[in-house]
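My structure is below; once you've seen it, I'll send some questions.
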Amino acid sequence: MADGDGSPLDETLRRWELEQAQLKTSVKEEDTEEWQKNATFEGLERVGGVDLSYVEGNQPQACASLVVLSYPDLQVLYEDCRVVDVRAPYVPGFLAVREGPVLVEAVQRLLEQEPSLSPQVLLVDGNGVLHYRGFGVACHLGVLTGLPCVGVAKNLLHVDGLAKDELHKEQIRDLQMGGDTFPLMGASGRVLGMALRSCDKSTKPIYVSVGHRMSLESAVRLVQSCCRHRIPEPIRQADIRSREYLRKHPPSPAGTAHPGPERRDEGTEPKH
DNA sequence: GCGACAG
DNA sequence: ATCTTGTCGC
């Protein structure tokens, strides 16, 4: 994206790029799970979802949430919400740098503490290979957790010629019912993902792309089978619960780091 | 050159 | 991402 002019920001972006490129290199042949091979996903029992909720716009504190739902009935089996520090800023193309670390931690906690509840696949809020460098947050999480991952974005990332142009809008209008899709083919000719009308109610599609250890076809079918609303239930629950958790456990403003539950003063200014 | 740009 | 009121529909 940016040409190197030597600015500190540029340096940082280049470093992030290299780190991600390194991770991408470690991706091996797409090995898939047994349950992906049959049309009804027999053998699939647990689907995970992750999301972050923020306080205002740029506070370091956020709530990271990981939920695991039963499949196919989509009942919550596991929930983990906690306030975390998010250091990196949001930079389009580098969402994984911002949200990846805390989400990986959440997954690893589950794998260690409740392995029997481990998700067999993870739905991620963001893109997979539908990404500037073919390595979105869903790929990133997949590599670092080893779990099959699917990227689910609520908005189209403009990459490889894809854009919300007239053609795109027309294709959206042609989506008649829940389950309808159209491929997202970049100028390179490669299919980077699928636009999916996830339910009858909403006319705005979601954008599904491969994250890790799964085919696009399976990914789309899986996501659609998890949709009671526009957003697939695992991600939706993670979103709802992280937001609720923040509301109930408001992080202290700034600098007031450690749990300082007590404040004596009622007003800002001591009256004299 | 400017703008567009997952969350 | 987050801030917002009402409103339409099952």
Side-chain angles (χ1 to χ4, degrees), chain A residues 1-3 5 9 13 16-17 20 49-66 81 83-104 106 122-142 149-169 178 184 186-187 192-196 198-212 219 223 228-232 234-236 238-247 250-251 253:
Chain A
M1 300 235 83
D3 292 298
D5 64 0
L9 178 56
L13 295 187
W16 288 350
E17 248 179 61
Q20 291 199 302
V50 288
D51 189 40
L52 289 197
S53 288
Y54 298 88
V55 174
E56 289 173 6
N58 275 329
Q59 299 294 298
Q61 285 99 349
C63 177
S65 131
L66 163 63
C81 290
V83 172
V84 297
D85 275 351
V86 173
R87 304 169 189 180
Y90 168 66
V91 179
F94 295 97
L95 178 63
V97 174
R98 177 170 167 83
E99 302 194 339
V102 294
L103 293 179
V104 170
L122 197 58
L123 303 191
V124 181
D125 207 341
N127 291 301
V129 300
L130 175 49
H131 182 265
Y132 301 127
R133 299 173 302 282
F135 200 74
V137 64
C139 304
H140 195 105
L141 284 189
C149 287
V150 179
V152 179
K154 296 181 285 296
N155 293 95
L156 179 64
L157 182 62
H158 295 197
V159 49
D160 194 16
L162 293 172
K164 298 173 196 146
D165 50 23
E166 268 314 312
L167 169 60
H168 187 74
K169 290 172 183 171
L184 299 166
L192 301 174
M194 287 280 219
L196 166 69
S198 55
C199 63
D200 293 327
K201 293 214 60 163
S202 178
T203 159
K204 182 175 181 178
I206 56 181
Y207 300 93
V208 178
S209 59
V210 168
H212 192 57
V223 168
R228 288 179 173 168
H229 305 281
R230 183 169 86 105
I231 305 303
I235 291 179
R236 183 165 170 273
D239 177 76
I240 290 173
R241 284 154 198 261
S242 63
R243 196 176 307 209
E244 179 64 12
Y245 189 91
L246 266 194
R247 195 177 65 78

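Chain letters run A, B, ... following the sequence lines, proteins first and then strands; every chain starts at 1. Only heavy atoms go into these numbers, but all of them, side chains included; no hydrogens, no water, no symmetry mates. Just so it is clear, the structure is predicted and the values come from calculations on it, not from any experiment.
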| query | Heavy atoms under 4.0 Å, any strand shown: does V91(A) hit a base, just sugar-phosphate, or nothing? | reply |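 The residue V91(A) makes no contact with any strand.
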
| Between S53(A) and dT2(C), is there a side-chain N or O to OP1/OP2 distance below 4.0 Å? |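 For dT2(C), OP1/OP2 do have a side-chain N/O of S53(A) under 4.0 Å.
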
| query | What integer distance in Å separates L123(A):CG from dG7(B):C1'? | reply |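 Between C1' of dG7(B) and CG of L123(A): 16 Å.
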
| Length of the line joining F94(A):CZ and dA6(B):C1', which is rounded to integer Å |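 About 13 Å, once rounded to whole Å.
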
| query | Starting at the 5' end of DNA chain C, what dot-bracket string do you get if Watson-Crick and G-U pairs under 3.5 Å are bracketed, crossing pairs use [ ], other-strand pairs use | and unpaired bases use dots? | reply | ..........

| field | dC5(B) OP1/OP2 closer than 4.0 Å to side-chain N/O of H158(A) | value |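 So the side-chain polar atoms of H158(A) do come within 4.0 Å of the phosphate oxygens OP1 or OP2 of dC5(B), strictly under.
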
| message | Taking any heavy-atom pair under 4.0 Å as a contact, classify N127(A): base, sugar-phosphate, or nothing. | response |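 The residue N127(A) makes base contact.
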
| Can you check side chain to side chain contact (heavy atoms under 4.5 Å, CB included) on R230(A) and I206(A), steps first, answer last? | CA-CA 7 Å; R230(A) 183 169 86 105; I206(A) 56 181; 3.6 Å; yes

| message | Does the plane of the ring in H140(A) sit parallel, tilted or perpendicular to the ring in F135(A)? Use 30° and 60° as the thresholds. | response |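 Taking F135(A) first and then H140(A), their aromatic rings sit tilted (interplane angle of 30° to 60°).
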
| request: Would you indicate what G93(A) reaches in the nucleic acid, counting non-hydrogen atoms under 4.0 angstrom: base, sugar-phosphate, or nothing? | output: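 Result for G93(A) = base.
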
| field | Heavy-atom closest contact (K204(A) atom, N155(A) atom, distance) | value |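 In this case the closest contact between K204(A) and N155(A) is NZ-ND2, 3.4 Å.
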
| message | side chain to side chain contact (heavy atoms under 4.5 Å, CB included), that's the test. Do L184(A) and L130(A) meet it? Break it down for me. | response | CA-CA 9 Å; L184(A) 299 166; L130(A) 175 49; 3.8 Å; yes

| When the distance from NE2 of H140(A) to C1' of dA6(B) is rounded to whole Å, what number comes out? |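 So the two atoms are 14 Å apart, to the nearest Å.
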
| request: Look at the side chain of Y90(A) and decide which nucleotide, out of dG7(B), dC5(B), dT2(C), has an atom nearest to it. | output: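 So the nucleotide nearest the side chain must be dG7(B).
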
| field | Protein-nucleotide distance (D51(A), atom CG; dA6(B), atom C1'), rounded to Å | value |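 Computing the D51(A):CG to dA6(B):C1' distance gives 12 Å.
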
| query | Using a cut-off of less than 4.0 Å, is there contact between a side-chain N or O of R98(A) and OP1 or OP2 of dA6(B)? | reply |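 No, because none of the side-chain N or O atoms of R98(A) sits under 4.0 Å from OP1 or OP2 of dA6(B).
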
| Whole-Å gap separating C1' (dA4(B)) and CG (D160(A)) |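 These atoms are roughly 15 Å apart.
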
| said: Would R241(A) and D51(A) count as a salt bridge (Lys or Arg N to Asp or Glu O under 4.0 Å) here? Give the steps. | reply: CA-CA 9 Å; R241(A) 284 154 198 261; D51(A) 189 40; over 6 Å; no

| task | Check the side chains of S242(A) and S65(A) for a donor-acceptor pair under 3.5 angstrom, ignoring hydrogens and angles. | result |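 Not at all, the side chains of S65(A) and S242(A) share no donor-acceptor pair under 3.5 Å.
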
| task | Output yes when at least one side-chain N/O atom of N155(A) is less than 4.0 Å from OP1 or OP2 of dG7(B), else no. | result |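 For N155(A), the contact criterion (side-chain N or O under 4.0 Å from OP1 or OP2 of dG7(B)) is met.
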
| query | Which residue, K201(A) or D125(A), contacts DNA chain C at a nucleotide closer to its 5' end, judged by nearest heavy atom? | reply |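 It is D125(A), whose closest nucleotide lies nearer the 5' terminus.
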
| query | Taking atom P of dA1(C) as reference, at what distance in whole Å does atom CG of L95(A) sit? | reply |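 From L95(A) CG to dA1(C) P: 10 Å.
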
| message | What is the distance, to the nearest angstrom, from the CG atom on D239(A) to the C1' atom on dA6(B)? | response |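 Between C1' of dA6(B) and CG of D239(A): 14 Å.
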
| said: I need the CZ-P distance between R243(A) and dT4(C), as an integer number of Å. | reply: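 Whole-Å distance recorded here is 12 Å.
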
| field | For L141(A) against G100(A), the heavy-atom pair lying closest together | value |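 Between these two residues, the closest heavy atoms are CD2-O, 3.8 Å.
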
